[in-house]
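Data first, discussion second: the structure below is written as C-alpha coordinates.
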Amino acid sequence: MTQYIFPQDFLWGAATASYQIEGAVFEDGRGTTVWDVFADTPGKVKNGDSGEVACDHYHRYPQDVALMKQLGLHAYRFSIAWARILPEGTGNINPAGLDFYDKLLDTLLVNGIRPFATLYHWDLPQALEDKGGWTNKMIVDWFGEYVHIVTKRLGDRLKDWMTLNEPWVFTYLGYASGDHAPGHRDLNMYIRASHHSIMAHARAVNIVHANVADSQVGIVLNPAWSDPHSDTLQDYLASQRLLSFQNRWWLHPLYHGEYPADMMAIYGDKMAFLQADDFDELKANPSDFLGVNFYTRHVVQAMPYSDEWLKFITVRQNREHTEMDWEVSPEAIYNVLKHIHDEYAPSKIYITENGAAFNDVVTGDSVHDERRVAFYQQYLAHCHRAIADGIPLKGYFAWSLLDNFEWAEGYSKRFGIIYVDYPTQRRIIKDSGKWYAQTIRDNGFVLP
Ligand code: IFM
(Lines give C-alpha, C1' and ligand atoms only; values in the text may rest on other atoms or scores of the structure.)
Protein backbone atom coordinates (compact mmCIF):
# COMPACT_ATOMS: atom_id res chain seq x y z
CA MET A 1 0.00 0.00 0.00
CA THR A 2 1.23 3.50 -0.81
CA GLN A 3 -0.03 6.50 1.11
CA TYR A 4 -0.36 9.84 -0.65
CA ILE A 5 -0.74 12.45 2.08
CA PHE A 6 -0.68 16.08 0.94
CA PRO A 7 0.77 19.12 2.75
CA GLN A 8 -1.46 20.43 5.54
CA ASP A 9 -2.34 23.65 3.75
CA PHE A 10 -3.07 21.94 0.39
CA LEU A 11 -6.19 23.41 -1.17
CA TRP A 12 -8.83 21.01 -2.54
CA GLY A 13 -11.36 22.51 -4.91
CA ALA A 14 -13.55 22.06 -7.95
CA ALA A 15 -14.06 24.28 -10.98
CA THR A 16 -16.76 25.38 -13.42
CA ALA A 17 -17.29 28.20 -15.93
CA SER A 18 -20.17 30.60 -16.49
CA TYR A 19 -21.41 29.64 -19.97
CA GLN A 20 -21.02 25.94 -19.21
CA ILE A 21 -23.32 25.90 -16.17
CA GLU A 22 -25.32 29.08 -15.63
CA GLY A 23 -28.05 28.99 -18.29
CA ALA A 24 -30.42 31.99 -17.99
CA VAL A 25 -28.87 33.54 -21.07
CA PHE A 26 -31.81 35.85 -21.70
CA GLU A 27 -32.35 36.87 -18.09
CA ASP A 28 -31.70 39.98 -16.03
CA GLY A 29 -30.15 42.02 -18.81
CA ARG A 30 -27.32 39.68 -19.81
CA GLY A 31 -25.84 40.60 -23.21
CA THR A 32 -25.30 38.19 -26.10
CA THR A 33 -21.95 36.42 -26.20
CA VAL A 34 -19.92 34.84 -28.98
CA TRP A 35 -20.90 31.42 -27.68
CA ASP A 36 -24.65 32.22 -27.92
CA VAL A 37 -24.12 33.13 -31.55
CA PHE A 38 -21.82 30.20 -32.33
CA ALA A 39 -24.17 27.67 -30.71
CA ASP A 40 -27.02 29.16 -32.69
CA THR A 41 -25.16 28.55 -35.96
CA PRO A 42 -26.16 25.18 -37.47
CA GLY A 43 -23.39 22.59 -37.45
CA LYS A 44 -21.11 24.29 -34.94
CA VAL A 45 -22.11 22.43 -31.73
CA LYS A 46 -22.97 18.74 -31.51
CA ASN A 47 -26.73 18.04 -31.52
CA GLY A 48 -27.43 21.77 -31.82
CA ASP A 49 -26.88 22.13 -28.05
CA SER A 50 -26.35 25.52 -26.41
CA GLY A 51 -25.80 27.02 -22.96
CA GLU A 52 -29.33 28.42 -22.86
CA VAL A 53 -30.33 26.31 -19.83
CA ALA A 54 -27.17 24.29 -19.07
CA CYS A 55 -27.25 23.33 -15.35
CA ASP A 56 -29.56 26.22 -14.52
CA HIS A 57 -26.97 27.20 -11.94
CA TYR A 58 -28.08 30.85 -12.21
CA HIS A 59 -31.21 29.83 -10.30
CA ARG A 60 -29.92 26.77 -8.46
CA TYR A 61 -26.65 28.14 -7.07
CA PRO A 62 -27.77 27.80 -3.39
CA GLN A 63 -28.34 24.08 -3.94
CA ASP A 64 -25.03 23.75 -5.80
CA VAL A 65 -23.12 25.51 -3.02
CA ALA A 66 -24.79 23.13 -0.53
CA LEU A 67 -23.40 20.23 -2.59
CA MET A 68 -19.93 21.79 -2.51
CA LYS A 69 -20.20 21.97 1.26
CA GLN A 70 -21.34 18.36 1.41
CA LEU A 71 -18.22 17.40 -0.57
CA GLY A 72 -16.11 19.40 1.87
CA LEU A 73 -14.53 21.58 -0.84
CA HIS A 74 -12.08 24.15 0.48
CA ALA A 75 -12.31 26.25 -2.67
CA TYR A 76 -14.54 26.80 -5.68
CA ARG A 77 -13.30 28.17 -8.99
CA PHE A 78 -16.04 29.80 -11.10
CA SER A 79 -16.00 32.36 -13.87
CA ILE A 80 -17.75 35.69 -14.22
CA ALA A 81 -19.68 36.37 -17.41
CA TRP A 82 -18.48 39.69 -18.83
CA ALA A 83 -21.80 40.11 -20.68
CA ARG A 84 -23.81 39.94 -17.45
CA ILE A 85 -21.84 42.90 -16.09
CA LEU A 86 -21.46 44.91 -19.31
CA PRO A 87 -24.01 43.62 -21.82
CA GLU A 88 -22.34 45.53 -24.66
CA GLY A 89 -18.84 44.77 -23.39
CA THR A 90 -18.18 48.38 -22.35
CA GLY A 91 -20.31 51.32 -21.24
CA ASN A 92 -23.59 50.60 -19.46
CA ILE A 93 -23.28 48.51 -16.32
CA ASN A 94 -25.98 45.93 -15.59
CA PRO A 95 -26.57 45.93 -11.80
CA ALA A 96 -28.44 42.59 -11.87
CA GLY A 97 -25.32 40.87 -13.23
CA LEU A 98 -23.17 42.18 -10.41
CA ASP A 99 -25.88 41.21 -7.90
CA PHE A 100 -25.78 37.59 -9.07
CA TYR A 101 -22.05 37.19 -8.40
CA ASP A 102 -22.40 39.14 -5.16
CA LYS A 103 -24.98 36.63 -3.91
CA LEU A 104 -22.96 33.64 -5.12
CA LEU A 105 -19.90 35.00 -3.35
CA ASP A 106 -21.73 35.56 -0.07
CA THR A 107 -23.25 32.08 -0.22
CA LEU A 108 -19.79 30.56 -0.69
CA LEU A 109 -18.32 32.57 2.16
CA VAL A 110 -21.14 31.74 4.57
CA ASN A 111 -20.45 28.08 3.80
CA GLY A 112 -16.71 28.44 4.40
CA ILE A 113 -15.73 27.92 0.75
CA ARG A 114 -12.93 30.09 -0.62
CA PRO A 115 -13.91 31.68 -3.95
CA PHE A 116 -11.50 31.78 -6.91
CA ALA A 117 -12.92 33.86 -9.75
CA THR A 118 -11.86 33.59 -13.38
CA LEU A 119 -12.51 36.91 -15.10
CA TYR A 120 -12.75 35.46 -18.60
CA HIS A 121 -13.67 31.92 -19.57
CA TRP A 122 -14.43 32.42 -23.28
CA ASP A 123 -17.86 34.13 -23.25
CA LEU A 124 -16.87 37.36 -24.98
CA PRO A 125 -19.70 39.89 -25.43
CA GLN A 126 -20.72 39.67 -29.10
CA ALA A 127 -20.70 43.48 -29.33
CA LEU A 128 -16.93 43.36 -28.85
CA GLU A 129 -16.44 40.55 -31.36
CA ASP A 130 -18.28 42.82 -33.84
CA LYS A 131 -15.39 45.27 -33.34
CA GLY A 132 -12.73 42.59 -33.95
CA GLY A 133 -12.80 40.87 -30.55
CA TRP A 134 -9.40 39.66 -29.41
CA THR A 135 -7.78 40.72 -32.70
CA ASN A 136 -8.40 44.39 -31.83
CA LYS A 137 -5.78 45.88 -29.50
CA MET A 138 -8.55 47.91 -27.88
CA ILE A 139 -9.51 44.68 -26.10
CA VAL A 140 -6.84 45.51 -23.53
CA ASP A 141 -8.78 48.64 -22.51
CA TRP A 142 -12.18 46.96 -22.82
CA PHE A 143 -11.07 44.12 -20.57
CA GLY A 144 -9.55 46.60 -18.14
CA GLU A 145 -12.84 48.51 -17.88
CA TYR A 146 -14.70 45.30 -17.04
CA VAL A 147 -12.07 44.09 -14.56
CA HIS A 148 -12.13 47.45 -12.79
CA ILE A 149 -15.91 47.28 -12.29
CA VAL A 150 -15.91 43.69 -11.05
CA THR A 151 -12.97 44.05 -8.68
CA LYS A 152 -14.39 47.27 -7.19
CA ARG A 153 -17.65 45.47 -6.41
CA LEU A 154 -16.39 42.06 -5.22
CA GLY A 155 -12.81 42.74 -4.12
CA ASP A 156 -13.71 43.40 -0.48
CA ARG A 157 -14.51 39.68 -0.12
CA LEU A 158 -12.91 37.98 -3.12
CA LYS A 159 -9.11 37.80 -2.94
CA ASP A 160 -8.15 35.07 -5.44
CA TRP A 161 -8.44 36.08 -9.09
CA MET A 162 -7.64 34.44 -12.38
CA THR A 163 -7.44 36.69 -15.42
CA LEU A 164 -7.94 34.47 -18.49
CA ASN A 165 -8.75 30.80 -18.88
CA GLU A 166 -6.63 28.96 -21.46
CA PRO A 167 -5.78 31.81 -23.85
CA TRP A 168 -4.29 29.25 -26.25
CA VAL A 169 -7.71 27.62 -26.60
CA PHE A 170 -9.87 30.69 -27.04
CA THR A 171 -7.43 32.34 -29.44
CA TYR A 172 -6.26 29.30 -31.45
CA LEU A 173 -9.55 27.41 -31.61
CA GLY A 174 -11.50 30.67 -31.86
CA TYR A 175 -9.44 32.47 -34.51
CA ALA A 176 -7.23 29.89 -36.31
CA SER A 177 -8.93 26.49 -36.39
CA GLY A 178 -12.49 27.79 -36.11
CA ASP A 179 -13.62 24.93 -33.86
CA HIS A 180 -14.72 27.32 -31.13
CA ALA A 181 -16.47 30.69 -31.10
CA PRO A 182 -16.18 33.03 -32.87
CA GLY A 183 -15.11 30.47 -35.50
CA HIS A 184 -12.49 32.27 -37.60
CA ARG A 185 -9.88 30.35 -39.57
CA ASP A 186 -6.91 32.64 -39.93
CA LEU A 187 -3.46 32.12 -38.40
CA ASN A 188 -2.70 35.84 -38.48
CA MET A 189 -5.84 36.59 -36.50
CA TYR A 190 -4.80 33.98 -33.94
CA ILE A 191 -1.32 35.46 -33.50
CA ARG A 192 -2.71 38.94 -32.91
CA ALA A 193 -5.44 37.65 -30.61
CA SER A 194 -2.93 35.68 -28.56
CA HIS A 195 -0.66 38.72 -28.25
CA HIS A 196 -3.53 40.90 -27.08
CA SER A 197 -4.60 38.28 -24.57
CA ILE A 198 -1.21 38.44 -22.86
CA MET A 199 -1.43 42.24 -22.80
CA ALA A 200 -4.98 42.07 -21.42
CA HIS A 201 -3.78 39.68 -18.71
CA ALA A 202 -1.13 42.23 -17.68
CA ARG A 203 -3.74 44.99 -17.53
CA ALA A 204 -5.96 42.82 -15.33
CA VAL A 205 -3.12 41.97 -12.93
CA ASN A 206 -2.40 45.67 -12.62
CA ILE A 207 -6.05 46.48 -11.83
CA VAL A 208 -6.62 43.58 -9.42
CA HIS A 209 -3.55 44.57 -7.41
CA ALA A 210 -4.65 48.21 -7.37
CA ASN A 211 -8.28 47.54 -6.41
CA VAL A 212 -8.13 44.50 -4.13
CA ALA A 213 -6.20 44.53 -0.89
CA ASP A 214 -4.32 41.28 -0.16
CA SER A 215 -5.16 39.91 -3.59
CA GLN A 216 -3.52 37.02 -5.40
CA VAL A 217 -3.86 36.97 -9.16
CA GLY A 218 -2.66 34.70 -11.93
CA ILE A 219 -3.44 33.40 -15.41
CA VAL A 220 -4.71 29.89 -16.23
CA LEU A 221 -2.87 28.15 -19.07
CA ASN A 222 -3.38 24.75 -20.64
CA PRO A 223 0.22 23.71 -21.25
CA ALA A 224 0.72 20.64 -23.39
CA TRP A 225 2.97 17.73 -22.65
CA SER A 226 4.52 16.02 -25.64
CA ASP A 227 6.70 12.93 -25.93
CA PRO A 228 8.70 12.19 -29.09
CA HIS A 229 7.41 9.28 -31.15
CA SER A 230 10.92 7.86 -31.54
CA ASP A 231 14.38 8.68 -30.24
CA THR A 232 15.36 10.49 -33.43
CA LEU A 233 16.51 14.09 -33.16
CA GLN A 234 13.71 15.17 -35.54
CA ASP A 235 11.00 13.76 -33.30
CA TYR A 236 12.59 15.28 -30.22
CA LEU A 237 12.70 18.68 -31.93
CA ALA A 238 9.10 18.28 -33.07
CA SER A 239 7.99 17.53 -29.51
CA GLN A 240 9.84 20.65 -28.36
CA ARG A 241 8.09 22.65 -31.10
CA LEU A 242 4.73 21.71 -29.64
CA LEU A 243 5.90 22.84 -26.19
CA SER A 244 7.06 26.16 -27.63
CA PHE A 245 3.86 26.69 -29.61
CA GLN A 246 1.47 25.94 -26.76
CA ASN A 247 3.49 26.57 -23.57
CA ARG A 248 6.52 28.79 -24.02
CA TRP A 249 4.58 31.20 -26.23
CA TRP A 250 2.71 32.22 -23.04
CA LEU A 251 5.21 31.36 -20.32
CA HIS A 252 8.17 33.16 -21.89
CA PRO A 253 6.50 36.60 -21.94
CA LEU A 254 5.02 35.97 -18.48
CA TYR A 255 8.35 35.11 -16.88
CA HIS A 256 10.95 36.65 -19.25
CA GLY A 257 9.06 39.55 -20.86
CA GLU A 258 9.53 38.40 -24.47
CA TYR A 259 8.41 35.71 -26.91
CA PRO A 260 10.54 32.59 -27.34
CA ALA A 261 13.06 32.93 -30.18
CA ASP A 262 12.04 29.68 -31.90
CA MET A 263 8.40 30.76 -32.27
CA MET A 264 9.44 34.25 -33.37
CA ALA A 265 11.48 32.58 -36.13
CA ILE A 266 8.52 30.39 -37.17
CA TYR A 267 6.07 33.32 -37.25
CA GLY A 268 8.60 35.65 -38.96
CA ASP A 269 6.88 38.58 -40.74
CA LYS A 270 3.59 37.77 -39.08
CA MET A 271 5.01 39.42 -35.94
CA ALA A 272 5.62 42.76 -37.64
CA PHE A 273 2.73 44.33 -35.70
CA LEU A 274 4.62 44.00 -32.38
CA GLN A 275 5.33 47.37 -30.70
CA ALA A 276 8.42 47.99 -28.58
CA ASP A 277 6.43 48.83 -25.43
CA ASP A 278 3.82 46.06 -25.72
CA PHE A 279 5.25 44.10 -22.80
CA ASP A 280 6.02 47.02 -20.48
CA GLU A 281 2.85 46.53 -18.42
CA LEU A 282 3.47 42.78 -18.28
CA LYS A 283 7.01 43.23 -16.99
CA ALA A 284 5.82 45.73 -14.38
CA ASN A 285 3.02 43.46 -13.11
CA PRO A 286 4.16 39.93 -12.33
CA SER A 287 1.51 37.35 -11.45
CA ASP A 288 1.28 35.82 -7.98
CA PHE A 289 0.65 32.29 -9.19
CA LEU A 290 0.23 30.17 -12.30
CA GLY A 291 -2.91 28.11 -12.95
CA VAL A 292 -2.37 24.89 -14.92
CA ASN A 293 -5.20 23.01 -16.61
CA PHE A 294 -4.05 19.57 -17.64
CA TYR A 295 -5.69 16.50 -19.14
CA THR A 296 -3.59 14.52 -21.61
CA ARG A 297 -0.30 14.26 -23.52
CA HIS A 298 0.61 14.07 -27.20
CA VAL A 299 3.07 11.77 -28.91
CA VAL A 300 4.67 13.75 -31.70
CA GLN A 301 6.28 12.65 -34.93
CA ALA A 302 8.22 15.03 -37.18
CA MET A 303 6.82 15.53 -40.70
CA PRO A 304 9.41 17.77 -42.34
CA TYR A 305 7.82 17.73 -45.82
CA SER A 306 4.16 17.82 -44.88
CA ASP A 307 1.69 20.71 -45.25
CA GLU A 308 1.31 20.83 -41.47
CA TRP A 309 2.61 24.28 -40.62
CA LEU A 310 4.42 23.09 -37.48
CA LYS A 311 5.78 20.09 -39.42
CA PHE A 312 4.63 17.34 -37.07
CA ILE A 313 1.70 15.04 -36.50
CA THR A 314 0.43 13.49 -33.28
CA VAL A 315 0.35 9.70 -33.12
CA ARG A 316 -2.44 8.00 -31.17
CA GLN A 317 -1.12 5.43 -28.68
CA ASN A 318 -2.64 2.11 -27.76
CA ARG A 319 -3.55 3.17 -24.21
CA GLU A 320 -6.73 3.98 -22.32
CA HIS A 321 -8.59 7.01 -23.71
CA THR A 322 -11.46 9.03 -22.24
CA GLU A 323 -14.72 9.91 -24.00
CA MET A 324 -12.94 12.97 -25.43
CA ASP A 325 -10.53 10.49 -27.04
CA TRP A 326 -7.82 11.96 -24.83
CA GLU A 327 -5.16 9.49 -23.69
CA VAL A 328 -5.09 8.84 -19.94
CA SER A 329 -1.49 9.85 -19.17
CA PRO A 330 -1.03 10.45 -15.45
CA GLU A 331 2.76 10.69 -15.60
CA ALA A 332 2.38 13.62 -18.01
CA ILE A 333 0.97 15.87 -15.27
CA TYR A 334 4.24 15.40 -13.43
CA ASN A 335 6.26 16.00 -16.60
CA VAL A 336 4.46 19.22 -17.45
CA LEU A 337 4.79 20.57 -13.91
CA LYS A 338 8.50 19.73 -13.92
CA HIS A 339 9.03 21.36 -17.32
CA ILE A 340 7.34 24.58 -16.11
CA HIS A 341 9.22 24.53 -12.81
CA ASP A 342 12.60 23.88 -14.42
CA GLU A 343 12.22 26.50 -17.16
CA TYR A 344 10.20 29.24 -15.42
CA ALA A 345 10.02 28.50 -11.67
CA PRO A 346 6.66 30.14 -10.80
CA SER A 347 6.57 30.71 -7.04
CA LYS A 348 3.14 29.11 -6.69
CA ILE A 349 1.19 26.76 -8.97
CA TYR A 350 -2.36 25.47 -8.78
CA ILE A 351 -3.79 22.68 -10.89
CA THR A 352 -6.86 24.70 -11.84
CA GLU A 353 -8.47 21.89 -13.87
CA ASN A 354 -7.98 18.16 -14.19
CA GLY A 355 -10.55 15.46 -14.78
CA ALA A 356 -12.09 13.16 -17.34
CA ALA A 357 -15.20 12.60 -19.42
CA PHE A 358 -16.58 9.08 -19.28
CA ASN A 359 -19.85 7.55 -20.35
CA ASP A 360 -21.70 7.64 -17.01
CA VAL A 361 -24.67 5.41 -16.26
CA VAL A 362 -27.19 6.16 -13.50
CA THR A 363 -28.08 3.11 -11.38
CA GLY A 364 -30.87 4.03 -8.98
CA ASP A 365 -29.44 6.92 -6.99
CA SER A 366 -25.83 6.21 -7.90
CA VAL A 367 -23.29 6.67 -10.65
CA HIS A 368 -20.51 4.11 -10.33
CA ASP A 369 -17.79 5.88 -12.30
CA GLU A 370 -14.85 3.76 -11.22
CA ARG A 371 -12.77 4.77 -14.27
CA ARG A 372 -12.99 8.41 -13.19
CA VAL A 373 -11.99 7.46 -9.64
CA ALA A 374 -8.95 5.63 -11.05
CA PHE A 375 -8.16 8.64 -13.24
CA TYR A 376 -8.15 11.01 -10.24
CA GLN A 377 -6.08 8.60 -8.15
CA GLN A 378 -3.39 8.24 -10.79
CA TYR A 379 -3.12 11.93 -11.69
CA LEU A 380 -3.13 12.98 -8.04
CA ALA A 381 -0.40 10.43 -7.26
CA HIS A 382 1.77 12.25 -9.80
CA CYS A 383 0.84 15.64 -8.31
CA HIS A 384 2.00 14.24 -4.97
CA ARG A 385 5.28 13.21 -6.60
CA ALA A 386 5.72 16.74 -7.95
CA ILE A 387 5.26 18.22 -4.47
CA ALA A 388 7.75 15.70 -3.03
CA ASP A 389 10.26 16.91 -5.67
CA GLY A 390 9.94 20.50 -4.47
CA ILE A 391 7.52 21.88 -7.06
CA PRO A 392 5.35 24.52 -5.32
CA LEU A 393 1.98 22.98 -6.16
CA LYS A 394 -0.43 24.50 -3.64
CA GLY A 395 -3.83 23.21 -4.66
CA TYR A 396 -5.94 21.15 -7.05
CA PHE A 397 -9.33 21.85 -8.64
CA ALA A 398 -11.27 18.95 -10.12
CA TRP A 399 -12.88 19.62 -13.49
CA SER A 400 -15.68 19.70 -13.08
CA LEU A 401 -18.02 20.14 -10.14
CA LEU A 402 -21.00 19.40 -12.41
CA ASP A 403 -21.57 17.77 -15.77
CA ASN A 404 -21.96 20.70 -18.12
CA PHE A 405 -21.93 22.19 -21.62
CA GLU A 406 -18.69 20.93 -23.15
CA TRP A 407 -18.37 23.61 -25.86
CA ALA A 408 -18.44 22.17 -29.40
CA GLU A 409 -19.26 18.75 -27.90
CA GLY A 410 -22.46 20.11 -26.32
CA TYR A 411 -23.83 17.93 -23.51
CA SER A 412 -22.46 14.70 -24.99
CA LYS A 413 -19.41 14.65 -22.67
CA ARG A 414 -19.75 14.43 -18.91
CA PHE A 415 -16.82 15.70 -16.83
CA GLY A 416 -18.64 16.18 -13.50
CA ILE A 417 -18.00 14.61 -10.12
CA ILE A 418 -21.70 15.40 -9.77
CA TYR A 419 -24.07 13.99 -12.39
CA VAL A 420 -26.68 16.34 -13.87
CA ASP A 421 -29.87 14.90 -15.31
CA TYR A 422 -30.59 17.75 -17.70
CA PRO A 423 -34.37 17.25 -18.22
CA THR A 424 -35.08 17.32 -14.45
CA GLN A 425 -31.94 19.16 -13.29
CA ARG A 426 -31.52 16.50 -10.61
CA ARG A 427 -27.97 16.24 -9.24
CA ILE A 428 -26.38 12.94 -8.12
CA ILE A 429 -22.97 12.84 -6.45
CA LYS A 430 -21.01 10.27 -8.46
CA ASP A 431 -18.72 7.72 -6.80
CA SER A 432 -15.82 9.94 -7.91
CA GLY A 433 -17.39 12.82 -5.97
CA LYS A 434 -17.70 10.61 -2.88
CA TRP A 435 -14.09 9.47 -3.31
CA TYR A 436 -12.97 13.09 -3.69
CA ALA A 437 -14.86 14.09 -0.52
CA GLN A 438 -13.13 11.30 1.42
CA THR A 439 -9.76 12.35 -0.02
CA ILE A 440 -10.37 15.91 1.15
CA ARG A 441 -11.33 14.68 4.63
CA ASP A 442 -8.18 12.53 4.84
CA ASN A 443 -6.01 15.07 2.99
CA GLY A 444 -4.88 12.20 0.79
CA PHE A 445 -5.54 8.60 -0.13
CA VAL A 446 -4.06 5.14 -0.11
CA LEU A 447 -3.46 2.96 -3.18
CA PRO A 448 -2.60 -0.73 -3.33
O1 IFM B 1 -14.64 22.16 -20.36
C2 IFM B 1 -13.35 22.60 -20.60
C3 IFM B 1 -13.08 23.88 -19.85
O4 IFM B 1 -13.99 24.88 -20.16
C5 IFM B 1 -11.70 24.39 -20.16
N6 IFM B 1 -10.71 23.35 -19.98
C7 IFM B 1 -10.94 22.07 -20.56
C8 IFM B 1 -12.33 21.57 -20.18
C9 IFM B 1 -12.59 20.19 -20.81
O10 IFM B 1 -12.50 20.28 -22.19
Side-chain angles (χ1 to χ4, degrees), residues 15-21 33-35 37-39 44-46 51 77-82 118-124 128-129 133-135 139 143 162-187 189-201 204 218-226 242-251 253-254 263 290-298 309-310 314 322 324-327 332-333 336 340 350-357 397 399-400 404-410 413 415:
T16 63
S18 45
Y19 190 72
Q20 295 183 270
I21 64 164
T33 72
V34 290
W35 269 95
V37 173
F38 194 71
K44 297 295 186 192
V45 175
K46 197 176 267 183
R77 173 180 176 233
F78 62 97
S79 80
I80 297 174
W82 187 340
T118 309
L119 286 155
Y120 182 77
H121 199 126
W122 309 354
D123 38 4
L124 186 72
L128 298 183
E129 174 55 24
W134 287 97
T135 68
I139 192 93
F143 190 55
M162 302 180 181
T163 56
L164 305 174
N165 183 71
E166 301 182 0
W168 179 82
V169 174
F170 75 76
T171 58
Y172 192 76
L173 302 193
Y175 292 88
S177 79
D179 295 323
H180 276 193
H184 300 294
R185 292 175 196 270
D186 182 332
L187 190 61
M189 288 178 91
Y190 153 68
I191 294 171
R192 275 175 192 267
S194 71
H195 180 61
H196 298 151
S197 74
I198 283 280
M199 291 180 68
H201 156 77
I219 194 168
V220 174
L221 302 180
N222 64 311
W225 181 251
S226 64
L242 175 53
L243 298 188
S244 289
F245 166 61
Q246 200 170 316
N247 307 0
R248 298 184 184 108
W249 181 251
W250 314 96
L251 289 162
L254 282 168
M263 288 311 300
L290 178 71
V292 171
N293 292 354
F294 191 78
Y295 293 88
T296 189
R297 68 153 182 172
H298 304 283
W309 68 279
L310 282 170
T314 56
T322 68
M324 296 293 281
D325 205 28
W326 294 347
E327 184 189 305
I333 201 167
V336 84
I340 293 170
Y350 293 109
I351 293 293
T352 33
E353 286 181 26
N354 176 233
F397 292 79
W399 182 270
S400 178
N404 59 48
F405 176 79
E406 178 52 27
W407 308 110
E409 298 294 327
K413 305 286 185 280
F415 273 93

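- When atom types are taken as modelled, the side chain of T118 and the backbone of Y120 share no donor-acceptor pair closer than 3.5 angstrom.
- In summary, of the residues considered (W168, F170, W134, W122), a ring pair (Phe, Tyr, Trp, His ring centres under 6.0 Å) with H180 occurs for W122 alone.
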| said: Could you go through M263 and F245, starting from their C-alpha distance and side-chain angles, then the distance that decides it, and tell me whether this counts as side-chain contact (heavy atoms from CB on, under 4.5 Å)? | reply: CA-CA 7 Å; M263 288 311 300; F245 166 61; 4.1 Å; yes
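- At least one side-chain heavy atom of L242 sits under 4.5 Å from a side-chain heavy atom of Q246.
- Among all heavy-atom pairs drawn from F143 and A200, the shortest one is CD2-O, 3.5 Å.
- In this structure, I139 CD1 and H196 NE2 are separated by 9.5 Å, a value rounded to the nearest 0.5 Å.
- Inspection of the E129 and H184 side chains reveals an N or O donor paired with an N or O acceptor under 3.5 Å.
- Annotation: side chain to side chain donor-acceptor pair (under 3.5 Å) contacts of N404 (sequence neighbours excluded): Q20, S400.
- For the atom pair CG of L128 and OG1 of T33, the computed distance is 11.0 Å after rounding to the nearest 0.5 Å.
- Side-chain contact between V220 and L164 is absent, with no heavy atoms from C-beta onward closer than 4.5 Å.
- Using a 4.5 Å cut-off on side-chain heavy atoms (C-beta onward), M324 and E406 make contact.
- W326 and F415 have tilted rings, their planes meeting at an angle from 30° to 60° on a 0 to 90° scale.
- The structure places CD1 of I21 at 9.5 Å from CZ of F78, a figure rounded to the nearest 0.5 Å.
- Residues meeting the side chain to side chain donor-acceptor pair (under 3.5 Å) test with S79, sequence neighbours left out: S18.
- Counting only heavy atoms from C-beta outward, the side chains of F294 and N222 never approach each other to under 4.5 Å.
- The side chain to side chain contact (heavy atoms under 4.5 Å, CB included) test applied to A39 returns Y19, V45, S50, not counting sequence neighbours.
- Not one N or O on the side chain of N354 forms a donor-acceptor pair closer than 3.5 Å with the backbone of Y295.
- With values rounded to the nearest 0.5 angstrom, I191 atom CD1 is found 12.5 Å from T135 atom OG1.
- Between P167 and L221, the closest side-chain pair of non-hydrogen atoms falls below 4.5 Å.
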| task | Walk me through it: do N247 and I340 pass the test side-chain contact (heavy atoms from CB on, under 4.5 Å)? | result | CA-CA 9 Å; N247 307 0; I340 293 170; 5.7 Å; no
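- In this structure, the side chain to side chain donor-acceptor pair (under 3.5 Å) partners of N293, at least two apart in sequence or on a different chain, are N165, E166, T352, E353.
- For the residue pair H201/T163, the side-chain donor-acceptor check at 3.5 Å is satisfied.
- Side-chain atoms of R77 and T16 form no donor-acceptor pair, as typed in the model, at a separation below 3.5 Å.
- Looking at heavy atoms from C-beta onward, F397 lies out of side-chain contact with W399 at the 4.5 angstrom threshold.
- A pairwise comparison of heavy atoms in L187 and W309 identifies CD1-CZ2, 3.9 Å as the closest pair.
- With sequence neighbours excluded, the residues that form a side chain to side chain contact (heavy atoms under 4.5 Å, CB included) with A181 are V34, W35, F38.
- Nearest heavy-atom pair across P223 and V336 is CB-CG2, 3.9 Å.
- Nearest heavy-atom pair, G133 versus L124, reported as atom, atom and distance to 0.1 Å: CA-CD2, 3.9 Å.
- Residues passing the side chain to side chain donor-acceptor pair (under 3.5 Å) test with S244 are R248, D262, sequence neighbours excluded.
- Between D179 atom CG and Y172 atom OH the span is 9.0 Å, to the nearest 0.5 Å.
- Going from atom OG1 of T314 over to atom CD of E327 covers 10.5 Å, rounded to the nearest 0.5 Å.
- I219 places a side-chain heavy atom less than 4.5 Å from the side chain of L254.
- For the pair S197/W250, a side-chain contact is recorded, criterion being any heavy-atom separation below 4.5 Å from C-beta on.
- Not a single donor-acceptor pair under 3.5 Å links the side chain of R297 to the backbone N or O of A332.
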